[in-house]
Amino acid sequence: MNSMKRFSAALLIGVLACSPLVCLADQTLSLTKDFVNQVKDRATVSTDLQVDVHPQTPHSVVEKAEDGDIHMAGRDNVIKLPLVAEILNARFEKDTMQFLNQISDGQSVSVTGVWRIWFEHPGPGQVQNQPVPVPTSSNPDHVFELHPITRFGTFDCLDSFLNITNPNVSPPKVYKAYSATTAFGEYKNLQVAIKATSTRVFLATAKTGFNYTEFVMELAGKPKDMGDSFMVMAHIYDSQNLEEPVVETMHRMVFVKGSPPAVQIQGLKKGATLHVLGIPRVNLKEVMAVANKHGANEIVVPLPYELIIVAVLPE
């Protein structure tokens, strides 16, 4: 914990001077290198989650936070950080929702989900493997999520990887995601301070947002089988402008095996395009590369991110 405090103090003096985009130093995350190396090239994590708090019904389907998900907060035996898990298109996962609403507070459930680090709800410095307080709401301060959940108990949730809709209202609702121009315009301005010791990696960045974005991706190569997923580098375009990419750099796209998007990515080659719905997460492979290069010398760099593809949209 002392190393975290020292890192925070250094950031307060040094990082803020480097860029106003890096926020207060108490928005830090400390991860073990062992954990980062285990998950950096994987889509998912499996754990036993004590489900402490959850609502009975999912969000409505409109825009921004009204995204049709259902949140649950709890503690686990693998991630060991303040943790929120989310079921995508929860109103369609009727058996899963029925099971969720029957479990007792604090009951342990076997869960697999797409790991996601994103500083949307940061709080004071969060240190992996330190005791996690019992959450009192379904959306406590956290930077780590299992989002979307792919398996909850014995229930397979991979069929939830579809465009977010609510056909049960009149007129039917379709979620309004951020445009690529808006979302990636924000992502490219984010910066992160990275520092490492022999056993840990420390991150500090500003509060982020802009979860769901729709965009067109152009494959820069053939998708690579990563075990639990297919991953591929891609150029990113706004669906309203296919002439110029919205960002100069390519980013990695993550397709969870068994999901509808993963079925569609198989067999595609360089130059193929897909209109997709994605959510950003920190790219830990790139974070670890920076950490290994600079070690204890903290450095501020553009926030490395990649996209979890949760739906393929109509052309």
Side-chain angles (χ1 to χ4, degrees), residues 1 3-5 8 26-40 42-59 65 69-88 90 93 96-157 160 199-204 207-208 211 228 256 279 281-282 284 308:
M1 193 66 175
S3 61
M4 177 64 117
K5 290 179 179 178
S8 294
D26 63 355
Q27 293 186 10
T28 52
L29 173 65
S30 168
L31 300 169
T32 69
K33 280 187 172 179
D34 286 345
F35 180 82
V36 174
N37 285 323
Q38 288 169 13
V39 306
K40 65 183 182 181
R42 291 187 59 80
T44 62
V45 170
S46 296
T47 189
D48 291 325
L49 176 66
Q50 285 181 264
V51 182
D52 291 307
V53 186
H54 68 87
Q56 297 292 307
T57 57
H59 290 153
D69 289 348
I70 194 161
H71 293 193
M72 62 195 81
R75 296 155 291 155
D76 85 308
N77 61 352
V78 174
I79 299 161
K80 299 180 181 179
L81 282 164
L83 175 62
V84 167
E86 303 184 32
I87 299 173
L88 179 70
E93 298 297 310
T96 310
M97 285 296 301
Q98 183 177 12
F99 172 63
L100 173 63
N101 287 332
Q102 290 174 347
I103 67 176
S104 305
D105 290 348
Q107 181 175 332
S108 183
V109 180
S110 175
V111 177
T112 300
V114 182
W115 69 260
R116 181 175 184 242
I117 294 173
W118 200 242
F119 288 77
E120 184 184 10
H121 302 284
Q126 298 186 4
V127 183
Q128 193 170 36
N129 290 347
Q130 293 292 315
V132 176
V134 179
T136 57
S137 78
S138 62
N139 199 29
D141 290 344
H142 68 282
V143 297
F144 199 104
E145 299 175 351
L146 292 177
H147 180 199
I149 290 173
T150 59
R151 180 179 54 81
F152 190 74
T154 60
F155 297 97
D156 188 329
C157 300
S160 69
T199 59
R200 286 189 171 268
V201 178
F202 300 90
L203 307 176
K207 182 177 180 179
T208 56
N211 277 342
D228 66 345
V256 181
I279 50 178
R281 73 178 186 183
V282 173
L284 286 182
I308 306 159

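Under the 4.5 Å side-chain criterion, counting only non-hydrogen atoms from C-beta, V132 is not in contact with L83. Counting only heavy atoms from C-beta outward, the side chains of V111 and D76 never approach each other to under 4.5 Å. Side-chain contact between N211 and R116: present, with at least one pair of heavy atoms (C-beta onward) separated by less than 4.5 Å. With contacts defined as side-chain heavy-atom distances shorter than 4.5 Å, the pair H71/S137 does not qualify. Looking at heavy atoms from C-beta onward, P82 lies out of side-chain contact with D141 at the 4.5 angstrom threshold.
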CA sep, side-chain torsions, deciding dist, call: V114, T150, side-chain contact (heavy atoms from CB on, under 4.5 Å)
CA-CA 7 Å; V114 182; T150 59; 4.3 Å; yes

Stepwise side-chain contact (heavy atoms from CB on, under 4.5 Å) check, V127 with R200:
CA-CA 10 Å; V127 183; R200 286 189 171 268; 3.8 Å; yes

Go through T47 and N77 one step at a time and tell me if the side-chain contact (heavy atoms from CB on, under 4.5 Å) criterion holds.
CA-CA 6 Å; T47 189; N77 61 352; 2.8 Å; yes

Assess whether side-chain contact (heavy atoms from CB on, under 4.5 Å) is satisfied between F144 and L29, documenting all intermediate values.
CA-CA 10 Å; F144 199 104; L29 173 65; 5.9 Å; no

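Of all heavy-atom pairs between P140 and V84, the closest is CD-CG2, 3.7 Å. Considering every non-hydrogen atom in both E93 and C157, the closest pair reads OE1-CA, 3.7 Å. Between V256 and A43, the closest heavy-atom pair is CG2-CB, 4.2 Å. Considering every non-hydrogen atom in both I87 and T96, the closest pair reads CD1-CG2, 3.7 Å. For the residue pair K207 and P122, the shortest heavy atom distance occurs at CG-CD, 3.9 Å. In plain terms, the two heavy atoms of P148 and L88 that are nearest each other are CB-CB, 3.8 Å.
Applying the ring pair (Phe, Tyr, Trp, His ring centres under 6.0 Å) test to H54 and every residue at least two apart in sequence or in another chain returns nothing. Every residue meeting the side-chain hydrogen bond (donor to acceptor under 3.5 Å, both in side chains) condition with S110, not counting sequence neighbours, appears here in chain and number order: R151. Applying the salt bridge (Lys or Arg N to Asp or Glu O under 4.0 Å) rule to D52 yields the partners R75; only residues at least two apart in sequence or on another chain are considered.
Classified by interplanar angle (parallel below 30°, tilted 30° to 60°, perpendicular above 60°), the ring pair F99/F152 is perpendicular.
A donor-acceptor pair under 3.5 Å is formed between the side chain of N101 and the backbone N or O of Q56. Judged purely by atom type and a 3.5 angstrom limit, S104 has no side-chain atom pairing as donor or acceptor with the backbone of Q107. In terms of modelled atom types and a separation under 3.5 Å, the side chain of D228 and the main chain of R42 share no donor-acceptor contact. Judged by distance alone, the side chain of H59 and the main-chain N or O of A65 form a donor-acceptor pair under 3.5 Å.
For the pair R281 and W115, the cation sits on the ring face: its NZ or CZ lies under 6.0 Å from the ring centre, inside 45° of the axis.
Side-chain atoms of D69 and H147 include a donor-acceptor pair closer than 3.5 Å.
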